[in-house]
Asks: 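Take a look at this one; I'll ask things after.
One-based numbering along the sequence shown. Excluded from the calculations below are hydrogen atoms, water molecules and symmetry mates; all remaining heavy atoms, backbone and side chain alike, are included.
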Amino acid sequence: MTAVDCVERVDLGEVPYEDAVRDMTDWVARRRAGEIPDRLALLSHPPVITYGSRTPPAELPAGLTVPLVPVDRGGQATYHGPGQLIGYLVLNLRERGPGDIVRWVENGLIAACADLGFETVRRDTPPGAQSLVGVWTPDGRKLVSIGMRIRGGVTSHGFALNISSDLVEFTRFVACGLPGVAMTSLAELAAEQGRPAPAEQEVRDAVARALGAR
């Protein structure tokens, strides 16, 4: 991706999923009209499982422990809840120039994790296989889910980074369309290193720096 002058950082608290989507839709329209700059919104959601139109019903939970919400982004089913950092990116790709926006996000989040003291990687998806987009540990656990939409040259949706998420929730359905995928969190990785998990504010700052938001 080509660098631009500014990505506006917007820090929010816990926002219901439907409210966040409504706000994001407004931001996309305003970005397309040139009324606001590129924007990174950092927030969290109450417990919810979101899923795309291509998610097979068999991959969704049989018993409803949290609300199920259909979405218009890429990617399959995933869980959002307390202890997770959500990043919504509203970027004008026509101004940024050609480039792979998903890889840019992956690499930015890998840099943020490194800044926090965690080694992570991206994975290429084999032809015909389920998407491996996201950020992973070297031993194959998934730390960050990424699902974006591009319409009229402007992106929406973004990523979900597990800081201290309840990882049990991911076992109640087929996360990311990958049966048997092991999800992890910064808290789990920090415990394995024998150190405290980073605070949410520290994670927000590292992510914002890595994605050029201020």
Asks: Rounded to the nearest 0.5 Å, what separation is found between the CG atom of Leu186 and the CG atom of Leu85?
Replies: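 Here the rounded value is 9.5 Å.
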
Asks: Could you report the tightest heavy-atom contact between Val181 and Ala175, atom names first, then the distance?
Replies: CG1-O, 3.5 Å

Asks: So, for Asp115 and Ala206, which heavy atoms are closest and what is the spacing to 0.1 Å?
Replies: OD2-CB, 4.0 Å

Asks: Answer yes or no: is there a side-chain heavy-atom contact under 4.5 Å between Phe118 and Gln193?
Replies: yes

Asks: Kindly indicate, with the supporting measurements, whether the criterion side chain to side chain contact (heavy atoms under 4.5 Å, CB included) is fulfilled by Val168 and Thr171.
Replies: CA-CA 5 Å; Val168 172; Thr171 68; 4.0 Å; yes

Asks: Got a sec: does the CZ of Arg195 have more than 12 other heavy atoms crowding it under 6.0 Å?
Replies: yes

Asks: Do any N or O atoms from the side chain of Thr125 and from the backbone of Leu132 form a donor-acceptor pair under 3.5 angstrom?
Replies: yes

Asks: Any salt bridge between Glu192 and Arg141, counting N to O under 4.0 Å?
Replies: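 Salt bridge flag = yes for Arg141 with Glu192.
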
Asks: Taking C-beta and beyond as the side chain, do Thr78 and Arg73 meet within less than 4.5 Å on heavy atoms?
Replies: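 Of all side-chain heavy-atom pairs linking Arg73 with Thr78, at least one is under 4.5 Å.
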
Asks: Check for me, please, whether Val144 and Met148 land in the same ILVMFWY cluster - side-chain distances under 4.5 Å, paths through other members count.
Replies: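 Yes, same cluster.
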
Asks: Is there side-chain contact between Val135 and Arg122, with at least one heavy-atom pair below 4.5 Å?
Replies: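 Sidechains of Arg122 and Val135: no contact.
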
Asks: Check for a donor-acceptor pair, side chain of Arg32 on one end and backbone N or O of Arg151 on the other, with a separation under 3.5 Å.
Replies: yes

Asks: Does any non-hydrogen side-chain atom of Arg31 lie less than 4.5 Å from one of Glu35?
Replies: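 They are not in contact (no side-chain heavy atoms under 4.5 Å apart), so the answer is no.
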
Asks: Show the numbers, then the answer: is there a side chain to side chain contact (heavy atoms under 4.5 Å, CB included) between Leu42 and Val10?
Replies: CA-CA 6 Å; Leu42 299 171; Val10 178; over 6 Å; no

Asks: Please confirm whether the backbone N or O of Leu167 pairs with a side-chain atom of Ser165, one donor and one acceptor, at under 3.5 Å?
Replies: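 Judged by distance alone, no pair lies under 3.5 Å.
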
Asks: Assess whether a salt bridge exists between Arg9 and Asp38, defined as any Lys/Arg side-chain N lying under 4.0 Å from an Asp/Glu carboxylate O.
Replies: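 Between Asp38 and Arg9 there is no salt bridge, as every charged N stays at least 4.0 Å from the carboxylate O atoms.
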
Asks: Under 6.0 Å between the ring centres of His45 and Tyr88?
Replies: yes

Asks: Any chance CZ of Arg94 has more than 12 other-residue heavy atoms, nucleotides or ligands included, within less than 6.0 Å?
Replies: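 Not buried by this count: 12 neighbours or fewer within 6.0 Å.
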
Asks: If you round to the nearest 0.5 Å, how far is OG of Ser185 from CG of Leu161?
Replies: 9.5 Å

Asks: Any heavy-atom pair between the side chains of Glu18 and Val48 that's under 4.5 Å?
Replies: no

Asks: Does any part of the side chain of Pro56, heavy atoms only, come nearer than 4.5 Å to the side chain of Gln76, both counted from C-beta?
Replies: yes

Asks: Go through the steps to decide whether Val203 and Asp205 satisfy the test side chain to side chain contact (heavy atoms under 4.5 Å, CB included), and finish with yes or no.
Replies: CA-CA 5 Å; Val203 178; Asp205 290 345; over 6 Å; no

Asks: With distance as the sole test, does Asp100 use its side chain to make a donor-acceptor pair with the main-chain N or O of Arg103 at under 3.5 Å?
Replies: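 Yes; at least one donor-acceptor contact below 3.5 Å.
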
Asks: What I'd like to find out is whether the side chain of Ser145 reaches to under 4.5 Å of the side chain of Cys176, using heavy atoms alone.
Replies: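 Sidechains of Cys176 and Ser145: in contact.
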
Asks: Look up atom OH in Tyr17 and atom OG in Ser44, then write down how far apart they are to the nearest 0.5 Å.
Replies: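 Answer for the OH-OG pair, Tyr17 versus Ser44, is 14.0 Å.
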
Asks: Please determine whether residues Leu178 and Leu60 belong to a single hydrophobic cluster, defined as Ile, Leu, Val, Met, Phe, Trp and Tyr linked transitively by side-chain heavy-atom distances below 4.5 Å.
Replies: yes

Asks: Any salt bridge between Glu106 and Arg123, counting N to O under 4.0 Å?
Replies: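 The answer is no: the pair does not qualify as a salt bridge.
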
Asks: Tell me, do Arg149 and Thr155 make a side-chain contact under 4.5 Å, heavy atoms counted?
Replies: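 Not in contact.
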
Asks: Could you report the tightest heavy-atom contact between Val7 and Arg96, atom names first, then the distance?
Replies: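 Smallest heavy-atom distance, with atoms named: CG2-NH2, 3.1 Å.
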
Asks: So does Glu200 pair up with Arg204, basic N to acidic O under 4.0 Å?
Replies: yes

Asks: Decide whether Val21 and Ile36 are clustered together by the hydrophobic rule: side chain heavy atoms of Ile, Leu, Val, Met, Phe, Trp, Tyr closer than 4.5 Å, transitively.
Replies: yes

Asks: Looking at every heavy atom in both Ala160 and Ile86, which two are closest together, and how far apart are they?
Replies: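 Looking at all heavy atoms of both residues, the shortest contact is CB-CD1, 3.6 Å.
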
Asks: Is Val207 linked to Met24 within one hydrophobic cluster, defined over Ile, Leu, Val, Met, Phe, Trp and Tyr using a side-chain heavy-atom separation of less than 4.5 Å?
Replies: no

Asks: Rounded to the nearest 0.5 Å, how far does CG of Leu89 lie from CG of Leu211?
Replies: 6.0 Å

Asks: Do any N or O atoms from the side chain of Asn162 and from the backbone of Gln84 form a donor-acceptor pair under 3.5 angstrom?
Replies: no

Asks: Do you know the tightest heavy-atom contact between His157 and Gly147?
Replies: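 Minimum heavy-atom separation between His157 and Gly147: CB-O, 3.2 Å.
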
Asks: Can you hop from Ile101 to Leu40 via hydrophobic side chains spaced under 4.5 Å?
Replies: yes

Asks: Can you tell me how far CG of Leu109 sits from CG of Leu143, rounded to the nearest 0.5 angstrom?
Replies: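 Those atoms lie 9.0 Å apart.
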
Asks: Side-chain donor-acceptor pair under 3.5 Å between Glu59 and Thr55, yes or no?
Replies: no

Asks: Heavy atoms only: give me the nearest Ile49-Pro61 pair and the separation to one decimal.
Replies: CD1-CG, 3.8 Å

Asks: Would Leu91 and Trp104 satisfy side chain to side chain contact (heavy atoms under 4.5 Å, CB included), going step by step from the backbone distance to the final call?
Replies: CA-CA 12 Å; Leu91 309 173; Trp104 178 80; 3.9 Å; yes

Asks: Distance from Ile150 atom CD1 to Asn92 atom CG, nearest 0.5 Å?
Replies: 11.0 Å

